[in-house]
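Accompanying notes for the structure given below.
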Amino acid sequence: MTAGPVKFEELSLSPESLKAVQDMGFEEATPIQSQCISLIQSGRDIIGQSQTGTGKTAAFGIPLLERIDPDNPKVQALILSPTRELAIQISEEFNKLLRYRQGVRVLPIYGGQPIERQISTLKKGVQVVVGTPGRVMDHIERRTLRLSQVSIVVLDEADEMLDMGFRDDIEFVLEKMPEDRQTLLFSATMPAPILELTKRYQRDPKHITVIRNTLTVPSIEQTYFEVRESLKLDALCRLIDAESPTLSMVFCNTKKRVDELSEQLQGRGYFAEGLHGDLKQSQRDLVMRKFRNRTLEILVATDVAARGIDVDDIDIVFNYDLPQDEEYYIHRIGRTGRAGRHGRAFTFAAGREIYKLREIMHYTKAKIKRGKMPTLTDIEEIKTRQFTEKIKSIIEEGAMTKYINVVESMIDYSALDIAAALLKYHLYDEDAEDILFEEPKKQYNQSQHYSRSDRQERSHDRTGKVNKNMSRLFINIGKKDKVRPNDIVGAITGEAGIPGRVIGHIDIYEDFTFVDVPKTLTNKILDRMAQSKIKGKKVKIEWAKPK
C-alpha cells in the first residue's frame, strides 16, 4: 500500500501537535505517517512493517499522545522497545511532540538505571511509559507499574525484541492489560513468531507495509564532521572558504532555520538565499533563476522545497541538520554528482546524532568518513595556490603592456617584493586570528551547554568555552529598528575593513544588540565606527558592561 505526500495540515491534528510537528521540521508526513495516523486516531489495531528511519515513532506517537488525558495521572499508554537507547530516543521525540501540551508526562524505564528513581517518578504520576520488556515486567511484579487504565500499547521493533529473547516477557506484559486496549505492532520483518503474536493479541489489525528501495550513491564522496550546534555556522563558513564551491546547497530541517541561516550567511558576505514552502511561487522562481545563472552561490533549503530542483553542476551538498528520514539523506546528496560528475556531501553531526549517522550508512551501504575541519592556515594555503594558478594563467594569456608600465613606475622595488606585497594584499589579513574554531578535544557531552543568559554576559569561543580572545560590544540599536544580523556584520566589515568571518555571536534585543569581536580588532572597530550609521540611524558602539 502506498500513498502520496500528505501535509500534516491535512490530518486531523490538534493545533498544539501541529505546531510541535512544524517545530521539529516535518513539512509533510512520511508514507508510514500518512497511512497510520488517521487509522490509529480511529482506534484501529495496526501492523506496521517498516524499517528504522521511516518516521514510525511519530506515526504512532502523534495520535497516541493526542489521546492522553492530562488530568488523569495514571498510565494510559505503554511502548515496549528492545533497547534502552531506543526507549530514550522515543521518549525524547515524544517530549518534542508534547512541547505545547501541558500535564502529559513521559517516562523511559530500562535496566542499568536505578529502579528506585523510576519508582519515585511513577508514584508522582506518569501517563506514558516507554520501556524495555524486562524492566517493565520487573515493575509490574513489584506493583510499581499498574496497567489497568492502559488504552493503547505499542510493540516497537517487535522482531528485534523476539530475537533478543523477550517473547515471554512481552506476553507477560500484554496479559496484564485490559482486553479492550488498542494494540500497535511495528516490525521491519514479519517472521512466524510475529504473526503468532498478532493473531493472539490484536483485533482485526490493518496491515501497512512501507518498503524502501535500497539506494547507493557510489559516485558521491561523503564526509561527516563532528560539529556541535554552536559551531555549525562557523564550520559551514570554514568549509565553504576552503572548498570554494561554485554552487552548493545547504539543507536544514525547518523553514525558520532556513531563514536564519541564509540571513547569517548574507551577513558574512556570502551570496546565499533560502528556499522553503512559505515562499510565493514568484519568489521561488526568482531564487532558482539566480541559482541557475550563478548570481547566487549558496541555496539554503528544506527537503520539501528542494523537491524538483534540477541543477546538474552543484559541487557540494551540506547537511546542516541531519535529515529526519534516511531517504531524505539520499535525495539531498543526490543533488550533487549528477551527469557523471564527481560529487561531495558534507554532514554535521554530534552526540547522539552519530547513531543516526550509522543508520544512514547502513541504509545507503556507503562509507561516510570522518573529516577534519580546515584551519585558517589551510585556507590561506588553498587560496594562495588558487591565486598563483590564476596569475600563471593571466601571464600565459599575455596582453599586459599597460600593467607592465605601472610596475615599471615602481622601479625602486624589486619584482619579488612587488609580487609578494600584492599577494599579501589580496589574500592575507594580519589582524585575523584563527580563534573561531577548535577541533573538539573530546566527544560532545550533552550536559555541557550554556544558557541564553550565559551568552549575554560572556564571550565564548566556538567550542562553548569562555574565550579570552573575544570582546563583547554594545550597540544601541535593536529589533524595534528592524535591524538584522547581516546589517550589523555589514556595518562592521564595511567601516572597519575586517573579514566577516571573524565576527562571533550577535544577540539582537528590542532596543540594543550585543556582538562578539576579536579583542585584537576591538579598538579598530570602535574607532572606525565612532560616526557610523546602521539602517540610517547613527549608532553608539562601546564595550559591553559586565553584569
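All values derive from a computational prediction rather than experimental measurement.
- Using a 4.5 Å heavy-atom cutoff, the side chains of N476 and D511 are not in contact.
- A salt bridge links K255 and D278; the closest N-O separation between the charged side-chain nitrogens and carboxylate oxygens is under 4.0 Å.
- At a cut-off of 3.5 Å, with distance as the only test, a side-chain donor of Q531 or K538 sits close to an acceptor on the other residue.
- Using a cutoff of 4.0 Å between basic side-chain nitrogens and carboxylate oxygens, E221 and K369 are scored as salt-bridged.
- Looking at heavy atoms from C-beta onward, K256 lies in side-chain contact with E260 at the 4.5 angstrom threshold.
- Looking at P70 and Q102, their side chains never come closer than 4.5 Å, going by heavy atoms from C-beta outward.
- At a threshold of 4.0 Å, the pair E389-K392 counts as salt-bridged, since one of the basic side-chain nitrogens sits closer than that to a carboxylate oxygen.
- In this structure, D507 pairs ionically with R472, as a charged nitrogen and a carboxylate oxygen lie closer than 4.0 Å.
- Classified by interplanar angle (parallel below 30°, tilted 30° to 60°, perpendicular above 60°), the ring pair F348/F318 is tilted.
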* To do: With salt bridge (Lys or Arg N to Asp or Glu O under 4.0 Å) as the test, would you mind laying out the steps for K232 and D321 before giving the verdict?
  => CA-CA 9 Å; K232 281 185 177 180; D321 297 322; 3.3 Å; yes
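- Side-chain polar atoms of E353 and Y224 form no donor-acceptor pair below 3.5 angstrom.
- When all heavy atoms of L65 and F94 are compared, the pair lying nearest together is CD1-O, 3.8 Å.
- Here the shortest heavy-atom pairing between S230 and D234 reads O-OD2, 4.3 Å.
- Relative ring orientation between F512 and F514 is described as perpendicular, the plane-to-plane angle rising above 60° on a 0-90° scale split at 30° and 60°.
- Listed here is the closest heavy atom pair of A491 and I534: CB-CG1, 3.7 Å.
- Around the NZ atom of K533, the shell of radius 6.0 Å holds no more than 12 heavy atoms that belong to other residues, nucleotides or ligands.
- Nearest heavy-atom pair, L299 versus M288, reported as atom, atom and distance to 0.1 Å: CD2-SD, 3.9 Å.
- D378 and T375 are linked by a side-chain donor-acceptor pair at a separation below 3.5 angstrom, with hydrogens and angles left out of the test.
- Looking at every heavy atom in both residues, V227 comes nearest to A235 through CG1-CB, 4.0 Å.
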* **salt bridge (Lys or Arg N to Asp or Glu O under 4.0 Å) between E93 and R352, intermediate numbers included** => CA-CA 13 Å; E93 184 150 352; R352 288 182 183 155; over 6 Å; no
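- Considering only heavy atoms from C-beta on, L239 comes within 4.5 Å of F225 through its side chain.
- Looking only at side-chain heavy atoms (C-beta outward), L265 and C237 come within less than 4.5 Å of each other.
- Nearest approach of F291 to L247, heavy atoms of both residues: O-CD2, 3.5 Å.
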